[in-house]
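Below is one structure, written out as structure tokens; comments come after it.
Residue indices begin at 1 and follow the sequence shown. As the structure is a computational prediction, the values presented were derived from the model and not from experiment.
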Amino acid sequence: MTGLTLFRFAANGKITETWWQHDQLGLMQQLGALDELET
């Protein structure tokens, strides 16, 4: 599964924010979950 995770760090080195995005459509295609939708 392909994705991306971003972290923002405070001046003290601790993580203050996290953003993540993954390729859910690609995962569903790999699992065959979309096969019945194809014509």
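- By the ring-ring contact (aromatic ring centres under 6.0 Å, His included) test, Trp20 pairs with His22, sequence neighbours left out.
- Listed by first then second residue, pairs satisfying salt bridge (Lys or Arg N to Asp or Glu O under 4.0 Å) with a partner in residues 23-32 number zero, not counting sequence neighbours.
- Rounding to the nearest 0.5 angstrom, the gap separating the OG1 atom in Thr2 from the CG atom in Leu27 is 10.0 Å.
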Please set out all donor-acceptor pairs under 3.5 angstrom arising from side-chain atoms of residues 3-14, sequence neighbours excluded.
residue	atom	partner	partner atom	Å
Arg8	NE	Glu17	OE2	2.7
Arg8	NH2	Glu17	OE2	2.6
Asn12	OD1	Lys14	N	3.0

